[in-house]
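Below is one structure, written out as structure tokens, with a few remarks after it.
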There are 2 protein chains.
Amino acid sequence: MTKSESWSNSSENRPWQSYNTVYTNAKPGMDGVDKEKVQRVVYEMSKGSKYFENQERKDASIKEKIEYMRSQCANLTPNHLAHFHKIADTRIVELEATRDLSKIWLHVDMDAFFAAVETLCDQSLKGKPMAVGNMSMLSTANYEARKFGVRAAMPGFIARKLCPDLIFVPVDFKKYTHYSNLTREVFQKYDANFMAMSLDEAYLDITNICAERSMTGEQVAQELRETVFNVTGLTCSAGVAANRLLAKVCSDINKPNGQFVLPNERGAVVTFISSLPTRKIGGIGKVTDQILKEVIGISTCGELLQQSSFLYALFSRSSADFFLSVGLGLGETDTPEVGMRKSMSTERTFTATKNEAFLYQKLVDLSESLSTDLKEEGLSGRTLTLKLKTASFEVRTRAVTLPSYICEHEDILKHASKLLKAELPVSLRLMGLRISHFYEESNGAPSDPKQKTLSDFLVRKCSGERDDCFMSDHVLSTNHGTFENHESCGPSEIGLDTQLLGFKWQGNSLNQNRGGKEQVLGCQENNPVEHISDRNGKGRLSLKQHEGSDEVGAGPSTSEKRSFFWMDDFKCSICGVELPQSFLEERQEHSDFHLAERLQEEESCENLKSIVQSQRFTQKDQQRKKHKSSQTGTKHVSIDMFFAKKS
Amino acid sequence: MTKSESWSNSSENRPWQSYNTVYTNAKPGMDGVDKEKVQRVVYEMSKGSKYFENQERKDASIKEKIEYMRSQCANLTPNHLAHFHKIADTRIVELEATRDLSKIWLHVDMDAFFAAVETLCDQSLKGKPMAVGNMSMLSTANYEARKFGVRAAMPGFIARKLCPDLIFVPVDFKKYTHYSNLTREVFQKYDANFMAMSLDEAYLDITNICAERSMTGEQVAQELRETVFNVTGLTCSAGVAANRLLAKVCSDINKPNGQFVLPNERGAVVTFISSLPTRKIGGIGKVTDQILKEVIGISTCGELLQQSSFLYALFSRSSADFFLSVGLGLGETDTPEVGMRKSMSTERTFTATKNEAFLYQKLVDLSESLSTDLKEEGLSGRTLTLKLKTASFEVRTRAVTLPSYICEHEDILKHASKLLKAELPVSLRLMGLRISHFYEESNGAPSDPKQKTLSDFLVRKCSGERDDCFMSDHVLSTNHGTFENHESCGPSEIGLDTQLLGFKWQGNSLNQNRGGKEQVLGCQENNPVEHISDRNGKGRLSLKQHEGSDEVGAGPSTSEKRSFFWMDDFKCSICGVELPQSFLEERQEHSDFHLAERLQEEESCENLKSIVQSQRFTQKDQQRKKHKSSQTGTKHVSIDMFFAKKS
DNA sequence: TCCCACAGC
DNA sequence: TACTGCTGTGGGA
DNA sequence: TTGCAAACC
DNA sequence: TACTGGTTTGCAA
Ligand SMILES: Nc1ncnc2c1ncn2[C@H]1C[C@H](O)[C@@H](COP(=O)(O)OP(=O)(O)OP(=O)(O)O)O1
Ligand SMILES: Nc1ncnc2c1ncn2[C@H]1C[C@H](O)[C@@H](COP(=O)(O)OP(=O)(O)OP(=O)(O)O)O1
Ligand SMILES: [Mg+2]
Ligand SMILES: [Mg+2]
Ligand SMILES: [Mg+2]
Ligand SMILES: [Mg+2]
């Protein structure tokens with residue numbers, strides 16, 4: 001390096017080099033990018049802002065932490081090192097013994113998902129640099145835009161500096177959910193228990209399908225990707241390997257529209273992992289990567305093995321174990337139980353203010369929004385967390401754990417207000433509310449005796465004075481026996497005066513072997529559905545019940561209005577009713593709005609089928625010991641709906 | 001003009017000269033402005049946009065109208081002209097006979113109101129160019145900014161081009177309402193029946209005060225402006241003249257922080273009005289001005305008189321009459337009855353979309369918002385108007401008139417949905433809802449027998465089994481006689497379990513001579529106030545009552561939940577309760593949020609005084625025959641609040 | 001009664 | 001990238 | 001149980 | 001002018 005090079009590289013003259021952007025992991029499609037320029041532009045646009053100052057503070061504290069860990073390293077005696085070396089060696093043997101090369105895992109991830117969907121819906125975007133989001137924040141960018149350094153989590157106004165012709169498309173989750181569902185229908189054919197990790201990616205255990213159809217992982221991946229493309233018009237990438245951790249790494253290698261297969265051979269795995277940058281591993285992010293590099297000098301997974309004694313010296317046992325297993329190329333190979341969600345939250349950013357009336361109103365909005373969401377899944381919880389982000393981007397949380405479970409917006413607001421009040425005065429740019437510690441039904445309990453079935457209801461209704469009750473022309477059978485009174489209920493029209501009274505559905509398995517058994521739900525007599533609408537504009541119709549009506553299903557005594565119900569020991573949300581495309585097409589109608597309207601108002605409909613998109617809850621992903629990732633799966637259940645004239 | 005000048009002035013080379021911006025009336029403070037430059041920048045920033053294209057379309061249609069009117073002019077026979085000349089001459093005599101120089105009117109208008117208030121609240125803004133609003137739209141700009149051509153109704157991003165250092169301050173109506181109320185307290189001292197035309201301006205009939213205090217209009221104006229400044233720290237400008245139309249023109253002449261007095265002498269008035277540009281007259285806007293200029297060649301009010309035959313030939317009788325009276329310097333001199341509001345609306349702009357689920361959700365939001373607002377004033381109406389603005393800025397309205405009066409959001413939504421559905425598919429950038437045709441009580445009816453008074457309630461309460469009812473230590477007297485039971489109700493605490501039960505107030509005149517008489521309201525026993533909060537963040541606490549509770553006052557049978565009450569024949573809103581600063585200061589608390597919190601939750605308070613800011617409804621302003629402008633006046637009524645423990 | 005255009009803050 | 005929200009009036013259909 | 005930081009999409 | 005929103009996890013107090 002010449003003197004002038006040294007001069008020109010000094011961070012005093014190129015200050016942007018020392019600004020740690022979030023955009024550290026090499027996203028696919030960003031190979032030919034002038035990283036120096038991107039870094040400089042990001043720096044220039046950020047410099048001087050509150051955000052920038054906060055980043056600098058955070059950076060300084062990481063540097064401090066690194067310094068501290070370095071000093072710890074320096075103080076290690078040979079004795080210490082020998083001790084940790086022994087621990088590591090022992091652990092390596094133990095871990096190696098758990099190596100399982102018998103499974104074939106496939107990780108599939110859609111390419112530039114939101115952007116690809118938007119392009120599908122507006123072909124004029126094709127080939128042009130485009131991003132999904134707004135001037136404040138991008139959710140993702142297509143590959144044309146990535147050439148300019150534009151990428152997810154980048155504020156739009158910076159992206160525009162990098163790429164002046166960038167087209168901005170606002171987010172529309174409804175679209176993405178729709179295409180996500182299409183992909184999942186494909187995934188399901190290869191692994192009925194596929195683990196959906198987000199709207200655009202999933203893990204599939206293709207061990208069985210490979211055996212059954214005598215196909216290699218490569219062939220399955222190829223076929224699956226083609227099927228996904230044929231069904232959706234979207235490309236995806238896949239990785240195939242002996243465990244999920246490796247499969248995930250592999251799916252990124254030949255992105256976009258590519259795949260990579262890592263053979264189920266120990267040698268191949270070890271070779272592959274050895275030279276792999278640690279940053280590629282799921283669970284090792286920007287900070288951990290920086291620590292590994294700057295404290296121990298580790299930048300590849302192979303070095304995790306070589307430096308394993310330092311790992312046990314510097315990190316917690318479970319973290320060190322995780323790093324070691326990564327170095328060995330190990331990962332989870334089983335399909336874990338589908339877990340229940342653990343928290344639900346909502347948050348909103350606004351221009352920073354200390355105006356307390358404004359902040360209070362925001363809290364009201366958040367409470368109502370969270371309450372609505374909770375009710376849609378029939379949840380209530382006993383710890384409430386208030387999240388605040390100050391005008392200087394400092395994040396704070398304040399929590400209370402209550403004696404009883406809450407889900408009503410009044411209750412949420414009441415406690416949230418107290419939490420906020422204790423923080424005032426303060427200038428905020430974000431507030432959020434989170435509920436956790438959900439009410440959990442006693443495990444494996446028998447079906448709730450309070451459960452009202454549709455037959456209960458219809459018997460009461462139809463044998464009573466009313467003759468304006470009707471239902472679809474399907475014969476109902478419930479787990480209480482076949483229901484036969486329905487013939488006496490003449491067909492009627494769904495109109496303004498229609499109330500939804502109940503469902504029948506033919507469900508397939510959700511987590512047990514209940515597939516095919518018909519299930520019935522009836523709302524209570526005094527609990528008719530008041531209103532059907534796509535309240536959140538997310539394409540899912542939800543049912544609003546009269547306020548003050550009784551619970552349909554069992555629930556915590558503190559929660560009064562609920563919108564879920566119980567079927568044996570399966571908890572089912574009354575919301576999330578989605579009408580199938582076929583129904584819409586039959587009527588030459590294409591929008592949920594029309595549908596909601598019709599249900600509310602005027603159209604007649606005799607044999608109405610719907611899909612209950614039920615919850616599949618979060619699930620442990622032992623990617624990293626005790627590290628969990630969320631999973632949302634989807635199964636379809638066809639249902640009939642029953643109506644009666646309003647009295 | 002030389003050849004080259006002619007060339008360089010051709011609109012082909014200076015296309016911006018032909019772009020008709022909205023910013024046509026010479027705002028005060030914009031004298032030294034390089035209008036050419038402003039016009040060019042506005043043009044450059046707008047050119048090519050959907051907005052621009054729409055403006056061009058509108059402009060073309062005005063040009064067309066002007067062409068048509070010109071042809072009408074050209075076709076006038078001498079006979080015709082003689083006919084209209086005679087009509088005009090007769091009318092001039094009639095109008096002249098109505099001239100009234102006996103009154104002294106003062107028009108007062110705050111200087112750069114929103115901006116001035118913001119500067120008062122943040123002194124660091126002083127002296128810097130600043131505007132209130134955001135990148136999309138400015139509400140106003142201070143005088144420093146106006147030097148750059150920045151002004152109200154200009155989009156912020158254009159303003160920033162004109163003035164790169166412009167500081168943007170978001171709107172905060174709560175502040176403006178507060179200072180507006182302070183100014184009105186001053187106005188009231190000079191004319192108890194002052195006509196508030198907006199938050200920042202009012203007409204005062206100072207005839208009496210001038211006589212009583214032997215002051216000239218000039219002296220009153222001076223004193224009033226000084227008082228306003230001393231009370232608020234804000235400057236204002238005033239105009240004094242024989243009628244409101246002239247006073248309003250005068251108030252603008254020496255803006256900012258100035259005043260102008262036009263003597264009550266016919267000669268002075270005629271001289272003044274003759275050379276006055278028509279555009280200065282309230283009611284003659286951009287389009288009318290253009291028509292007068294380009295069709296008849298009129299640009300001053302004097303020319304309105306000279307060309308009066310053409311006015312009667314081209315315009316409707318009432319419009320021509322108006323123009324003529326303007327030419328004579330006539331205007332309204334009486335103080336009209338305070339009228340009822342005629343409509344209430346809400347609208348929202350968003351990024352243009354044809355997504356029907358999104359549009360439907362917007363409609364839901366609008367319905368709820370409008371319903372809330374209606375209930376705050378106890379209104380319901382029978383015509384609902386849906387307003388749409390297409391992606392190309394075309395505005396459409398669609399209305400229904402119903403058999404019954406509505407105010408519930410479900411009802412509004414139901415009908416709004418139908419209106420919208422008939423327009424689909426369409427790409428929209430704005431939707432709005434308006435309710436009009438309000439329910440009007442039978443005029444001059446005796447007080448409603450269903451009216452529940454506080455004494456009714458307290459007698460029932462206090463003589464009953466409960467002893468947890470309390471009230472302030474004022475002796476109550478109602479129009480039913482003095483109430484004396486209150487002593488038996490021991491004081492209690494306002495807490496979580498507190499319900500607001502009623503008011504007592506000492507009201508001054510609202511539109512009749514009721515000042516000083518104490519009035520009492522009691523909520524019905526089954527209609528307690530459930531919740532007090534600043535729901536809209538506008539600094540006004542409003543009271544939410546239990547759903548399904550009975551009406552307090554009379555109302556249309558179709559409307560169930562109301563929040564107004566009747567006092568004799570005066571309709572009074574139960575909302576808009578505002579706690580006075582003194583109360584807050586007593587408690588070392590400064591925010592409405594704290595207050596709302598406290599009322600909801602925990603603070604004790606025995607002698608709670610509040611101000612009911614009651615409605616003063618819209619009122620005809622015969623500025624121009626049949627032309628109306630809105631008026632919202634404010635009177636203060638001190639009230640006590642009564643509480644009881646929740647059972 | 002409906003719809004549009006105009007006007008003002 | 002971005003051109004308001006609210007209310008009232010007049011006039012033609 | 002709380003609060004914060006890290007991680008991922 | 002403008003730096004997200006939803007969920008989970010680890011860890012230390
Ligand atoms: N930081 C983020 N904030 C909000 N949404 C995000 C964020 N990152 C990703 N998403 C959304 C948008 C993405 O299209 C979608 C899937 O994420 P991801 O698979 O990581 O990227 P991608 O599918 O857009 O591109 P690719 O997978 O081809 O790299 O999740
Ligand atoms: N077009 C508009 N849109 C929204 N709000 C407006 C608009 N015009 C004015 N306002 C608000 C902001 C103003 O401060 C307030 C009073 O208006 P106005 O008296 O006309 O101007 P101003 O008080 O800001 O300046 P000045 O009176 O000194 O010319 O009303
Ligand atoms: Mg992806
Ligand atoms: Mg992904
Ligand atoms: Mg003003
Ligand atoms: Mg004004």
Side-chain angles (χ1 to χ4, degrees), chain A residues 22 46 49-52 55 58 113 133-140 152-158 160 168 197-201 282-288 316 318-319 341-349 351 383 385 393 395-399 401 430 432 434 618 624 626-630, chain B residues 22 46 49-52 58 113 133-140 152-158 160 168 197-201 282-288 316 318-319 341-349 351 383 385 393 395-399 401 430 432 434 618 621 624 626-630:
Chain A
V22 188
S46 300
S49 69
K50 296 268 170 67
Y51 175 84
F52 182 88
Q55 288 302 305
K58 284 169 66 174
F113 185 54
N134 52 40
M135 276 303 162
S136 296
M137 185 49 58
L138 304 182
S139 282
T140 196
M154 180 178 277
F157 66 90
I158 295 182
R160 152 158 298 217
F168 290 78
M197 303 305 295
S198 70
L199 284 182
D200 96 318
E201 74 190 81
I284 299 182
K286 180 191 131 188
V287 173
T288 308
S316 73
S318 69
S319 291
R341 86 146 66 229
K342 296 191 173 57
S343 74
M344 183 181 274
S345 68
T346 184
E347 66 188 61
R348 217 54 47 179
T349 294
T351 71
T383 123
T385 306
F393 286 83
V395 175
R396 293 180 200 154
T397 60
R398 295 293 177 262
T401 297
L430 173 147
R434 167 175 307 253
T618 59
R624 174 171 175 176
K626 284 192 188 169
H627 265 223
K628 299 182 187 184
S629 277
S630 69
Chain B
V22 188
S46 300
S49 69
K50 295 269 170 66
Y51 176 83
F52 181 87
K58 283 168 65 174
F113 185 53
N134 52 40
M135 278 302 163
S136 296
M137 186 49 58
L138 304 183
S139 283
T140 196
M154 180 178 278
F157 65 93
I158 294 182
R160 154 160 296 221
F168 290 80
M197 304 305 294
S198 71
L199 284 182
D200 96 318
E201 74 189 79
I284 299 182
K286 180 191 131 187
V287 173
T288 308
S316 71
S318 70
S319 291
R341 89 148 60 231
K342 296 192 171 60
S343 74
M344 182 181 276
S345 67
T346 184
E347 66 188 62
R348 218 52 49 176
T349 294
T351 71
T383 121
T385 305
F393 285 83
V395 175
R396 292 179 202 157
T397 60
R398 297 292 177 262
T401 297
L430 174 147
R434 168 178 306 249
T618 57
D621 175 35
R624 176 172 173 176
K626 284 193 188 169
H627 265 224
K628 299 183 186 182
S629 278
S630 67

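Here is how names work: the chains are called A, B, and so on, in the same order as the sequence lines, proteins then strands, and each is numbered from 1.
Closest to the side chain of B:Phe393, from the set F:dT4, D:dC3, F:dG5, is D:dC3. Nearest nucleotide to the side chain of B:Ser198, out of C:dC9, F:dC3, C:dA7: C:dC9. The side chain of A:Thr401 lies closest to E:dT2 when the candidates are C:dC9, C:dC4, E:dT2. Closest to the side chain of B:Thr397, from the set C:dC4, C:dC9, D:dT7, is C:dC4. Side-chain proximity of A:Ser343 to D:dT7, F:dT8, D:dC3: nearest is F:dT8. Residue B:Ala153 places its side chain closer to D:dT4 than to any other of D:dG11, D:dT4, F:dC11. Closest to the side chain of B:Ser46, from the set D:dC3, C:dC2, F:dT7, is D:dC3. Side-chain proximity of B:Lys342 to D:dG8, F:dG5, F:dC3: nearest is D:dG8. Checked against C:dC2, D:dG5, F:dT4, the side chain of A:Met137 finds its nearest nucleotide in F:dT4. Listed candidates were E:dT2, F:dA2, C:dC6. Nearest to the side chain of A:Met135 is F:dA2.
At a threshold of 4.0 angstrom between heavy atoms, the contacts of A:Ser316 are confined to the sugar-phosphate backbone, with no base atom among them. Looking at heavy-atom distances under 4.0 Å, A:Lys50 makes no contact with the nucleic acid at all. Counting any heavy atom pair closer than 4.0 Å across all strands shown, B:Ile158 reaches a base atom.
The separation between A:Arg396 atom CZ and E:dG3 atom P is 12 Å, rounded to whole Å. With rounding to whole Å, B:Ile284 atom CD1 is found 9 Å from C:dG8 atom P. For the pair B:Phe168 CZ and F:dA2 P, the interatomic distance rounds to 11 Å; values are reported in whole Å. Following rounding to the nearest Å, B:Asp200 (CG) and C:dC9 (C1') show an atom-to-atom distance of 7 Å. Here the P atom of nucleotide F:dG6 and the CZ atom of A:Arg434 are 9 Å apart, to the nearest Å. In this entry the distance linking CD of A:Glu347 with P of F:dC3 reads 14 Å, nearest Å. One interatomic measurement links the two molecules: CE of A:Met344 to P of F:dT7, which rounds to 6 Å at whole-angstrom precision. Distance, A:Leu138 CG to F:dG5 P: 14 Å, rounded to whole Å.
Around the NZ atom of A:Lys50, the shell of radius 6.0 Å holds no more than 12 heavy atoms that belong to other residues, nucleotides or ligands.
A:Ser319 and A:Ser316 share a donor-acceptor pair across their side chains, judged by distance under 3.5 Å alone.
Between the side chain of A:Thr140 and the base of E:dC9 there is no donor-acceptor pair of N/O atoms closer than 3.5 Å.
Residue B:Ser319 places at least one side-chain N or O under 4.0 Å from the OP1 or OP2 atom of D:dG11. For D:dG5, the OP1/OP2 oxygens have no side-chain nitrogen or oxygen of B:Thr346 closer than 4.0 Å. Using a 4.0 Å cut-off, no side-chain N or O of A:Ser139 falls inside it from OP1 or OP2 of F:dT4. Put simply, B:Arg398 has a side-chain N or O that comes within less than 4.0 Å of OP1 or OP2 on C:dC4. Look at A:Arg348 and you won't find any side-chain N or O under 4.0 angstrom from OP1 or OP2 of F:dT4. Proximity of B:Thr351 to the phosphate of D:dA2: no side-chain N or O atom is located under 4.0 Å from OP1 or OP2. B:Thr349 has a side-chain polar atom (N or O) that falls below the 4.0 Å cut-off from OP1 or OP2 of D:dG5. A sub-4.0 Å separation between OP1 or OP2 of D:dG11 and a side-chain N or O of B:Ser318 is present. Distances shorter than 4.0 Å separate none of the side-chain N or O atoms of B:Ser345 from OP1 or OP2 on D:dC6. Residue A:Thr288 has a polar side-chain atom (N or O) positioned under 4.0 Å from OP1 or OP2 of E:dA7. Between B:Arg341 and D:dT7 there is a side-chain N or O to OP1 or OP2 distance below 4.0 Å.
Closest approach of A:Ser139 to A:Ala152, counting heavy atoms only: O-CB, 3.0 Å. Between B:Thr385 and B:Ala399 the shortest heavy-atom distance is OG1-CB, 3.7 Å.
Base pairing annotation: D:dA2 forms a Watson-Crick or G-U wobble pair with F:dT1, both donor-acceptor distances under 3.5 Å.
With the nearest nucleotide of DNA chain C identified for both B:Glu201 and B:Lys58, B:Lys58 has the one nearer the 5' end.
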